[in-house]
Amino acid sequence: MTAKMSYADVEVGTELPAQAFPVTRATLVQYAGASGDFNPIHWNERFAKEVGLPDVIAHGMFTMAEAIRVVTDWVGDPGAVVEYGVRFTRPVVVPDDDKGAVIEVSGKIAAKLDDDTVRVDLTATSAGQKVLGASRAVVRLA
């Protein structure tokens with residue numbers, strides 16, 4: 001695959017299409033099985049509360065992965081992401097109800113760099129709270 005976005009066609013400030021990602025307890029169980037991360041804070045409400053959390057929380061790496069989907073969907077090639085990092089600021093609390101939680105992610109081009117790359121800054125929130133800080137990706141465009 002190659003990036004479908006052209007370096008010449010983007011400018012600093014270009015906004016990527018925002019997305020919302022639903023998260024339920026079932027989602028967390030599926031992720032735990034795929035990742036091998038069965039920490040009880042991600043599935044056991046009693047344990048999560050005993051250690052001081054408000055409820056079960058989503059895996060940090062799951063939250064990070066959902067956020068970068070805004071970039072990979074926009075660019076059309078996950079391999080175009082050459083660098084990605086975040087700071088975890090707040091957990092995504094996932095209640096045991098029919099709705100669960102939602103991770104809302106937006107992004108914009110923050111800088112045009114060398115070698116046909118751009119820096120994309122992402123904003124990820126859940127329940128009105130910022131859940132990732134310093135969320136940035138460097139992406140090679142066509």
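Side chains included, hydrogens not; waters and symmetry mates left out as well; all remaining heavy atoms used.
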Q: Begin from the C-alpha positions of Arg25 and Val56 and carry the test side chain to side chain contact (heavy atoms under 4.5 Å, CB included) through to its verdict.
A: CA-CA 8 Å; Arg25 296 280 178 96; Val56 166; 3.6 Å; yes
Q: Just do the side chain to side chain contact (heavy atoms under 4.5 Å, CB included) check on Val12 and Val118 with the steps written out, would you?
A: CA-CA 9 Å; Val12 171; Val118 295; over 6 Å; no
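Contacts of Tyr31 classified as ring-ring contact (aromatic ring centres under 6.0 Å, His included), with partners at least two apart in sequence or in another chain: His59, Phe62. Applying the side-chain hydrogen bond (donor to acceptor under 3.5 Å, both in side chains) criterion to Thr27, with sequence neighbours excluded, gives Thr24. The salt bridge (Lys or Arg N to Asp or Glu O under 4.0 Å) check on Asp121 picks up Arg119, Arg136, with sequence neighbours excluded. Residues satisfying the side-chain contact (heavy atoms from CB on, under 4.5 Å) criterion with Glu15, sequence neighbours excluded, are Lys108.
Across Ala3 and Leu141, no two heavy atoms sit closer than the pair CB-CA, 4.0 Å. Closest of all the heavy-atom pairs between Met64 and Gly85 is CE-CA, 4.2 Å. A pairwise comparison of heavy atoms in Phe88 and Gly60 identifies CE2-O, 3.1 Å as the closest pair. Contact between Asp115 and Arg140 at its shortest, heavy atoms only, is O-NH1, 3.1 Å. Looking at every heavy atom in both residues, Thr63 comes nearest to Ala58 through OG1-CB, 3.9 Å. For the residue pair Thr72 and Pro78, the shortest heavy atom distance occurs at CG2-CA, 3.7 Å.
Val138 belongs to a hydrophobic cluster with Val82, Leu113, counting contacts under 4.5 Å between side-chain heavy atoms of Ile, Leu, Val, Met, Phe, Trp and Tyr, direct or through other members.
For the atom pair CG (Leu28) and CG (Asp37), the distance works out to 10.5 Å, reported to the nearest 0.5 Å. Taken from CD in Glu45 to CG in Asp96, the straight-line distance is 6.0 Å, to the nearest 0.5 Å. Summarising the geometry, atom CG belonging to Asp77 is positioned 13.0 Å from atom CE belonging to Met5; distances are rounded to the nearest 0.5 Å. Atoms CD1 and OG, from Ile57 and Ser126 in turn, are 11.5 Å apart once rounded to the nearest 0.5 Å.
Transitive grouping of hydrophobic side chains (ILVMFWY, heavy atoms separated by less than 4.5 Å) keeps Val131 and Val93 in distinct clusters. Ile41 and Val23 are not part of a single hydrophobic cluster, where members link through side-chain heavy atoms under 4.5 Å apart.
The side-chain contact (heavy atoms from CB on, under 4.5 Å) with Ile103 is formed by just one residue from the set Thr125, Leu132, Val92; it is Val92.
Within the 4.5 Å cutoff, side-chain heavy atoms of Leu122 are placed close to those of Val105.
Salt bridge status for Arg46 with Asp55: absent, with no side-chain N to carboxylate O gap under 4.0 Å.
Trp43 places a side-chain N or O within donor-acceptor distance of the main-chain N or O of Phe38, the cut-off being under 3.5 Å. Formation of a donor-acceptor pair under 3.5 Å by the Asn39 side chain with backbone atoms of His42 is not found in this model. Within the 3.5 Å criterion, the main-chain N or O of Tyr7 finds a donor-acceptor partner in the side chain of Lys112.
Pairs of residues two or more places apart, or lying in two chains, that qualify as side-chain hydrogen bond (donor to acceptor under 3.5 Å, both in side chains) and include a residue from residues 79-93 are Arg90-Gln129.
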